[in-house]
Amino acid sequence: MPRRIIVVTAVHPPSATFLSEAYRSLRDQELPDGWEWHWVIREDGRSEEVAPHVPDDPRVTFRQGRAGGPGVARTMALADADGDYVKILDADDQLAPGALARDLAVLESDRGIGWTTSRVLDLLPDGSTLGFDQDPEGGPIERGDVLRHWQEHGYRAQVHPATLFVRRDLLVALGGWMALPASEDTGLLLALDAVSRGYFTREVGLIYRKWEGQSTSQAAHTDTAERDARMAVVEARALALSHLQWHFPAMD
């Protein structure tokens with residue numbers, strides 16, 4: 001039986017039209033012999049607007065459920081995550097060529113690393129791309145490094161949570177994504193950083209679409225009171241996990 005990488009996507013009607021491009025980027029991924037991907041798409045809510053955009057492919061599972069935000073949709077998608085690893089792919093983004101194989105190679109070669117991230121290119125509305133000028137060096141990320149950088153740089157991590165590739169058992173042990181209206185992926189990233197070493201790949205792994213309909217461009221996302229509350233909860237969780245000294249992999 002092939003081993004599986006589960007690609008998890010939360011979608012809502014405004015982003016559904018981009019699923020075809022996300023699918024194309026996933027379909028073009030090349031994996032080592034004995035591996036396959038399974039794409040689990042979960043709509044955040046129940047509408048009739050998303051299903052027509054879901055690819056007709058036996059490797060794709062589509063579910064719907066009560067609306068609760070992207071973190072809830074992704075966590076609920078774990079019910080269909082029948083594989084060793086989970087890869088995040090937002091509905092409006094695209095995987096870069098070779099991204100899955102590079103992520104897989106890191107975790108297969110080192111049991112002491114729990115998760116990987118990679119370089120991102122922003123896809124701007126005019127079709128041009130823009131990179132981040134503060135990418136870290138490629139290689140392992142030690143426990144606590146992401147939290148320290150995040151605290152020292154205005155709550156901005158040096159690696160992007162939308163590129164996350166993670167061991168399924170570690171993801172489930174941490175409860176999936178945080179129950180927040182936004183920043184739920186940053187909360188997961190910092191929780192992973194608190195308990196496990198990670199890895200950053202300097203090669204581009206994700207094309208991150210910038211457009212007016214994305215959740216991070218909405219006014220509510222930058223509301224100061226809500227943002228401060230989100231950051232406080234994200235930080236408290238990461239610090240609590242660190243203080244409890246629970247590590248992955250388990251230590252004797």
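Starting from 1, each residue takes its place in the sequence as its number.
Here the closest non-hydrogen pair linking Pro136 and Val159 is CG-CG1, 3.9 Å. Across all non-hydrogen atoms, the minimal contact from Pro249 to Gly112 is CD-CA, 3.9 Å. Closest approach of Leu89 to Thr9, counting heavy atoms only: O-OG1, 2.5 Å. Taking both residues in full, the closest heavy atoms of Leu19 and Trp39 are given as O-CH2, 3.8 Å, listed atom of the first, atom of the second, then distance. Of all heavy-atom pairs spanning Gly205 and Ala99, the tightest one is O-CB, 3.5 Å. The two atoms that bring Leu189 and Ala157 nearest to each other are CD2-CB, 4.1 Å, heavy atoms only.
Side-chain atoms of Gln64 come within 3.5 Å of backbone atoms of Ser47 as a donor-acceptor pair (strictly under, hydrogens ignored). Not one N or O on the side chain of Thr61 forms a donor-acceptor pair closer than 3.5 Å with the backbone of Ile41. Side-chain atoms of Ser196 never come within 3.5 Å of backbone atoms of Asp193 as a donor-acceptor pair (strictly under, hydrogens ignored). The backbone N or O of Arg156 lies less than 3.5 Å from a partner atom in the side chain of His149, making a donor-acceptor pair. Between the Asp44 side chain and the Gly68 main chain, a donor and an acceptor come within less than 3.5 Å of each other.
Residues meeting the ring pair (Phe, Tyr, Trp, His ring centres under 6.0 Å) test with Trp150, sequence neighbours left out: Tyr155.
A salt bridge does not link Arg230 to Asp223: none of the charged side-chain nitrogens sits closer than 4.0 Å to a carboxylate oxygen.
Connection of Val40 to Leu170 is established within a shared hydrophobic cluster, with ILVMFWY side chains joined at heavy-atom distances below 4.5 Å, either directly or through further cluster members. Put simply, Ile88 and Ile113 are part of two different groups of oily side chains (I, L, V, M, F, W, Y) that touch within less than 4.5 Å, one to the next. Phe200 and Ile207 fall into different hydrophobic clusters, where Ile, Leu, Val, Met, Phe, Trp and Tyr residues are linked whenever their side-chain heavy atoms come under 4.5 Å apart, directly or through other members. Linking ILVMFWY residues whenever their side-chain heavy atoms come closer than 4.5 Å, directly or via other members, places Tyr208 and Val7 in the same cluster. Hydrophobic clustering, with ILVMFWY side chains joined whenever heavy atoms are under 4.5 angstrom apart, groups Leu206 together with Trp37.
Distance CZ/Arg46 to CZ/Arg63: 12.5 Å, rounded to 0.5 Å. Going from atom CG of Leu107 over to atom CZ of Phe165 covers 5.5 Å, rounded to the nearest 0.5 Å. The CD atom of Gln158 lies 10.0 Å from the CG atom of Asp135; values are rounded to the nearest 0.5 Å. The CZ atom of Arg202 sits 6.5 Å away from the CZ atom of Arg119 when rounded to the nearest 0.5 Å. In this structure, OG1 on Thr116 lies 12.0 Å from CG on Asp110, to the nearest 0.5 angstrom. A distance of 10.0 Å separates NZ of Lys210 from CG of Asp93, quoted to the nearest 0.5 Å.
In this structure, Arg167 is not positioned above the aromatic face of Phe248 in the sense of NZ or CZ being under 6.0 Å from the six-membered ring centre and within 45° of the axis.
Considering only heavy atoms from C-beta on, Val195 stays 4.5 Å or farther from His247 through its side chain. When side chains are defined from C-beta on, Thr75 does not count as touching Glu184, because their heavy atoms never get closer than 4.5 Å. Between Leu78 and Trp177 there is a side-chain heavy-atom pair separated by less than 4.5 Å. Phe18 places none of its side-chain heavy atoms less than 4.5 Å from the side chain of Val11. Residues Met76 and Val8 are not in side-chain contact: their nearest non-hydrogen atoms beyond the backbone lie 4.5 Å or more apart. Between Asp122 and Leu124, the closest side-chain pair of non-hydrogen atoms falls below 4.5 Å. Arg237 places none of its side-chain heavy atoms less than 4.5 Å from the side chain of Leu190. With contacts defined as side-chain heavy-atom distances shorter than 4.5 Å, the pair Leu180/Val234 qualifies.
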Using the side chain to side chain contact (heavy atoms under 4.5 Å, CB included) rule, take Leu164 and Val86 through it: C-alpha gap first, then chi angles, then the decisive distance, then the call. CA-CA 8 Å; Leu164 191 65; Val86 174; over 6 Å; no

Show, in sequence, the C-alpha distance, side-chain angles and deciding distance for Leu188 and Leu192, and conclude whether the side chain to side chain contact (heavy atoms under 4.5 Å, CB included) test is met. CA-CA 6 Å; Leu188 172 59; Leu192 289 166; 4.0 Å; yes

Quick one, Arg74 with Asp90, criterion side chain to side chain contact (heavy atoms under 4.5 Å, CB included). Give me CA distance, side-chain angles, the key distance, then yes/no. CA-CA 10 Å; Arg74 293 191 200 106; Asp90 286 347; 3.2 Å; yes

Using the side-chain hydrogen bond (donor to acceptor under 3.5 Å, both in side chains) rule, take Asp92 and Ser15 through it: C-alpha gap first, then chi angles, then the decisive distance, then the call. CA-CA 6 Å; Asp92 49 1; Ser15 61; 6.0 Å; no

Working note: Arg197 + Asp145, criterion salt bridge (Lys or Arg N to Asp or Glu O under 4.0 Å); need CA distance, chi angles, decisive distance, verdict. CA-CA 9 Å; Arg197 296 171 73 225; Asp145 281 357; over 6 Å; no

Go through the steps to decide whether Trp115 and Ile141 satisfy the test side chain to side chain contact (heavy atoms under 4.5 Å, CB included), and finish with yes or no. CA-CA 10 Å; Trp115 51 275; Ile141 300 173; 4.1 Å; yes

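No donor-acceptor contact under 3.5 angstrom links the side chains of Thr201 and Arg102, judged on distance only.
Other residues, nucleotides and ligands place no more than 12 heavy atoms under 6.0 Å from the CD atom of Glu48.
Checking each of Arg4, Arg168, Arg3 against Asp84 for a side chain to side chain donor-acceptor pair (under 3.5 Å) leaves exactly one that passes, namely Arg3.
Within the structure, side chain to side chain donor-acceptor pair (under 3.5 Å) contacts touching residues 22-35 (residues at least two apart or in different chains) are Tyr23-Asp57.
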